[in-house]
Structures are given as C-alpha cells and as structure tokens.
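The structure under discussion appears below in the form of structure tokens.
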Amino acid sequence: MQHRGFLLLALLALLALTSAVAKKKDKVKKGVPGSECAEWTWGPCTPSSKDCGVGFREGTCGAQTQRIRCRVPCNWKKEFGADCKYKFESWGACDGGTGTKARQGTLKKARYNAQCQETIRVTKPCTPKTKAKAKAKKGKGKD
C-alpha cells in the first residue's frame with residue numbers, strides 16, 4: 001500500500017516538472033524582445049490610424065527586426081511624446097498679460113530609450129473664475 005502512495009506521488013511530481021518545462025519553452029519560442037539579443041533599439045510607437053490608439057513599435061538588434069504592439073494614449077502631449085514620462089509641479093499663478101498659467105516637469109522615465117528633454121515647461125489658458133450658483137432655498141409651501 002505504501003508503494004502505491006509513493007509511486008502516485010512520484011508520478012504527480014514528474015507531471016508537474018514536465019508541465020513547468022513545457023511552459024518555459026513556450027515563453028522562449030514567442031520571441032520575447034531581448035531574449036536572443038541584448039542591445040535592442042526601439043523606435044517610437046506609431047498608431048495604426050489617426051494620431052492615437054493601438055499601433056506598433058519597431059525594434060532592431062543587429063540584423064534582427066521585431067514589431068511589437070503598443071498603444072499611444074489619446075491625451076498625450078505631442079511636444080514631448082508618449083514615451084517620455086515627467087513629474088510635474090503644481091500649476092503657477094495666472095499671468096494676466098498672456099492669459100496663461102505654466103508649470104515645469106522633470107524627466108521621470110524614458111521608455112524604449114526615447115530621446116527626452118530633462119526638463120520641460122508647459123502652459124495652458126487660465127480658466128475664468130465663475131461664481132458658484134446659489135442653491136434655491138426651499139420654502140414652506142402652503143397646504
């Protein structure tokens with residue numbers, strides 16, 4: 001009876017091991033960027049249609065070329081690209097002369113070796129101050 005338990009346990013361990021090896025081989029076959037080559041150079045994400053949405057990014061390493069899917073957010077700032085991530089300060093005060101307010105951002109992360117500026121300055125129009133609408137008071141109605 002003990003031999004059956006031992007054989008069953010050994011069989012389960014063997015199945016688990018072969019399953020793990022098969023999964024690892026599948027991952028290698030998919031052509032994960034960087035698996036065969038160490039120095040990949042990636043271009044910008046180019047949307048398939050219009051100027052945002054799903055697209056492709058091409059990478060090269062020696063004689064190898066790969067295309068991977070990517071996505072350009074539709075609210076990206078064209079001035080500094082979708083691959084440059086910045087940490088921004090709070091918006092400054094409104095400049096009465098130009099009617100704009102500004103803030104500065106410092107580079108936090110450059111994805112896919114993108115060429116990014118270390119600091120950038122962005123502006124936007126000032127929003128006019130609107131008065132808060134007074135809520136109508138509910139009076140006592142006549143019955």
Side-chain angles (χ1 to χ4, degrees), residues 1-139 141:
M1 198 54 121
Q2 289 179 345
H3 292 296
R4 283 187 187 172
F6 179 74
L7 288 174
L8 182 60
L9 185 60
L11 182 62
L12 287 174
L14 182 62
L15 286 173
L17 182 64
T18 55
S19 175
V21 170
K23 284 182 182 179
K24 187 175 181 180
K25 284 183 181 179
D26 287 344
K27 286 183 181 179
V28 172
K29 287 181 183 177
K30 288 182 182 178
V32 177
S35 61
E36 294 104 17
C37 189
E39 297 292 325
W40 281 94
T41 305
W42 295 98
C45 182
T46 307
S48 298
S49 63
K50 298 186 182 179
D51 62 348
C52 64
V54 177
F56 290 96
R57 179 185 312 274
E58 289 194 0
T60 58
C61 183
Q64 299 177 12
T65 303
Q66 284 189 349
R67 283 180 59 164
I68 59 171
R69 289 184 63 156
C70 61
R71 185 175 182 280
V72 176
C74 290
N75 62 350
W76 68 301
K77 307 294 182 195
K78 292 182 182 180
E79 305 165 15
F80 49 85
D83 291 333
C84 302
K85 304 296 178 187
Y86 292 91
K87 175 143 178 82
F88 285 96
E89 301 171 349
S90 298
W91 287 104
C94 184
D95 181 4
T98 61
T100 60
K101 54 185 174 179
R103 68 179 177 173
Q104 186 171 331
T106 56
L107 183 64
K108 185 169 72 170
K109 184 178 183 181
R111 297 173 43 191
Y112 296 100
N113 301 326
Q115 299 296 320
C116 302
Q117 299 174 28
E118 283 296 317
T119 60
I120 59 170
R121 183 175 172 86
V122 292
T123 59
K124 74 175 186 178
C126 298
T127 54
K129 293 183 178 180
T130 58
K131 293 181 181 178
K133 294 182 180 178
K135 292 183 179 179
K137 292 183 179 180
K138 292 184 179 180

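These figures come from a predicted structure and were not determined experimentally.
- Expressed to the nearest 0.5 Å, how far OG of Ser48 lies from CZ of Arg69 amounts to 8.0 Å.
- Of the inter-residue distances, the one linking Ile120 atom CD1 with Gln104 atom CD reads 9.0 Å to the nearest 0.5 angstrom.
- Heavy-atom contacts from other residues, nucleotides or ligands closer than 6.0 Å to CG of Asn113 number 12 or fewer.
- Remark: Lys124 NZ is packed, more than 12 non-hydrogen atoms of other residues, nucleotides or ligands lying under 6.0 Å away.
- Atom-to-atom distance recorded for Thr127:OG1 and Lys101:NZ is 4.5 Å, nearest 0.5 angstrom.
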Item checked: Audit row: Cys45, Tyr112, side chain to side chain contact (heavy atoms under 4.5 Å, CB included) steps and yes/no -> CA-CA 10 Å; Cys45 182; Tyr112 296 100; over 6 Å; no
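- Here the straight-line distance linking atom SG of Cys116 with atom NZ of Lys109 works out to 11.5 Å at 0.5 Å rounding.
- Between Lys85 and Arg111 the shortest heavy-atom distance is CE-NH1, 3.8 Å.
- Between Cys52 and Pro73, the shortest heavy-atom contact is CB-O, 3.8 Å.
- A donor-acceptor contact shorter than 3.5 Å is absent between the side chain of Arg71 and the backbone of Val54.
- Between Cys84 and Gln115, the shortest heavy-atom distance links the atoms SG-O, 4.2 Å.
- Considering all non-hydrogen atoms of both residues, Glu39 and Cys61 come closest at O-SG, 3.5 Å.
- Remark: Glu58 CD to Ile68 CD1 distance equals 10.5 Å, nearest 0.5 Å.
- Using a 4.5 Å heavy-atom threshold, the side chains of Phe88 and Val122 count as touching.
- Residues Trp40 and Gln64 meet the side-chain proximity criterion, which asks for heavy atoms closer than 4.5 Å.
- Between Trp42 and Asp83 there is no side-chain heavy-atom pair separated by less than 4.5 Å.
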